[in-house]
Amino acid sequence: MKRSKTLAFTKVFTPIFLIMTVLTCDAFGQRNAFDAQGHRGCRGLMPENTIPAMYKAIDLGVTTLEMDVVITADGKVIVSHDPYMNAEIATNPQGLYIQPGDQRKHILYKLTAAEVQTWDVGLKPHPKFPRQVKVKAVKPLLSDLIDSVELYVKRTGKPAARYNIETKCSPSTDNVNHPDPETFVALLMAVIREKGISKRVTIQSFDKRTLQVLHRAHPRMNASFLIDAGNRSTPEMLLQELGFKPSTISPAYQLVTQDYVEACHRLGVKVLPWTVNDRDTILRLKNLGVDGIISDYPDLFQ
Ligand code: G3P
Ligand code: CA
């Protein structure tokens, strides 16, 4: 009798435990708590996509550093949101600001990494982020950023950081602003593998091609499909479009409803909205059951 009760319990609860495990694990089977992600490091507080921004985000206790990467003329992976020198943040090697109309004259894919690093991206005051502390900073090589972060967490006794790395590319700018998706992913994965951090990395993109290339070449890597605010596809349609199951769907936060979260979880996919910069919305989304949030102000998570 006792034995049959145990059997019944096992029959009922084992699938539930299994489902819960699937829902809370990444592609490497690692369990994840709520994932507090610092957008471009912590763009609200420090210059975006710079090493000082990553240090600050770690000090604030983020679990994951969100960042963007592009490729330089000499095939280096460099951390930058824009494929050119954005006039909003850049100071040229002569110490001068540039006009917005001139920024696309300085395409990073046409410059070597050494040339890119003659520009400062930390000193110019940012009108949209007045709390940003101004420091001298360059667009870092991804390899240098990873080395610096890994050392920093060791030195400060913090938990190992995770990395959410966005490939900045699109079909219309292949071979103009960046190489083809195969080359882009190969260069990026070479850095990640050399640093031995694959298990702590997610590759994210709005460009499904890089995720598909990644999935074919590195099926165990975590992939996150970025969805912009105008995209009305359901999570089921997004998976169909992508052709495989990513670890995460990362929608503009305005798209997130209870139904959206439940649909993602039914599919065994995490939901990671971006970019949420006020506490009320963070709380609302947490109550809807999202798996993490990307914010310019990781101090809001505290
Ligand atoms: O990771 C999501 C978010 O970073 C996408 O937007 O333009 O800031 O890269 P963007
Ligand atoms: Ca991004």
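Atoms within each ligand, like the ligands themselves, are counted from 1 in listed order.
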Parallel, tilted or perpendicular, judged at 30° and 60°: which one describes the rings of Phe244 and His215?
parallel

Protein contact of atom 1 (O) of ligand 1 - nearest heavy atom, named by residue and atom, plus distance
Gln204 OE1, 2.8 Å

Yes or no: does Arg40 have any heavy atom under 4.0 Å from an atom of ligand 1?
yes

List the closest protein heavy-atom neighbour of atom 3 (C) of ligand 1: residue, atom name, distance to the nearest 0.1 Å.
His39 NE2, 3.6 Å

What angle, in degrees and rounded to 10°, do you get at the Ca ion (ligand 2) when you join it to OE2 of Glu66 and to OE1 of Glu166?
110°

Which residue is it: Gln103, Arg43, Glu48? I am looking for the one with a side-chain contact (heavy atoms from CB on, under 4.5 Å) to Ile89.
Glu48

Residue Asp68 vicinity, atoms of ligand 1 by number, heavy atom under 4.0 Å:
9 (O)

Assess the residue pair Glu66 and Thr275 against the criterion (side-chain contact (heavy atoms from CB on, under 4.5 Å)); give the C-alpha distance rounded to whole Å, side-chain angles, the decisive distance to 0.1 Å, and a yes or no.
CA-CA 11 Å; Glu66 193 276 344; Thr275 299; over 6 Å; no

Looking at every heavy atom in both Ile282 and Ile293, which two are closest together, and how far apart are they?
O-CD1, 3.7 Å

In terms of atom number and element, which parts of ligand 1 are under 4.0 angstrom from non-hydrogen atoms of Phe206?
5 (C)

Any idea which heavy atoms bring Val271 and Asp291 closest together, and the distance?
N-OD2, 2.8 Å

Near Lys168 (heavy-atom distance under 4.0 Å), the atoms of ligand 1 are 7 (O), 9 (O), 10 (P)

Say whether Asn164, considering both its backbone and side-chain N or O atoms, lies within less than 3.5 Å of an N or O atom on ligand 1.
no

Numbered atoms of ligand 1 (with element) below 4.0 Å of Leu226, judged on heavy atoms:
1 (O), 2 (C)

Is the backbone of Val176 close enough, under 3.5 Å, to the side chain of Thr173 for a donor and an acceptor to pair up by distance?
no

Are side-chain N/O atoms of Asp35 and Thr63 paired as donor and acceptor at under 3.5 Å?
yes

Ser250-ligand 1 polar pair, N/O distance under 3.5 Å:
no

Starting from the Ca ion (ligand 2), look over the N/O/S atoms of Asp68 and name the nearest one.
OD1

Looking only at protein heavy atoms, what sits closest to atom 7 (O) of ligand 1 is His81 NE2, 2.7 Å

Distance only, no hydrogens: is a donor on one side chain within 3.5 Å (strictly under) of an acceptor on the other, for Asn231 and Ser233?
yes

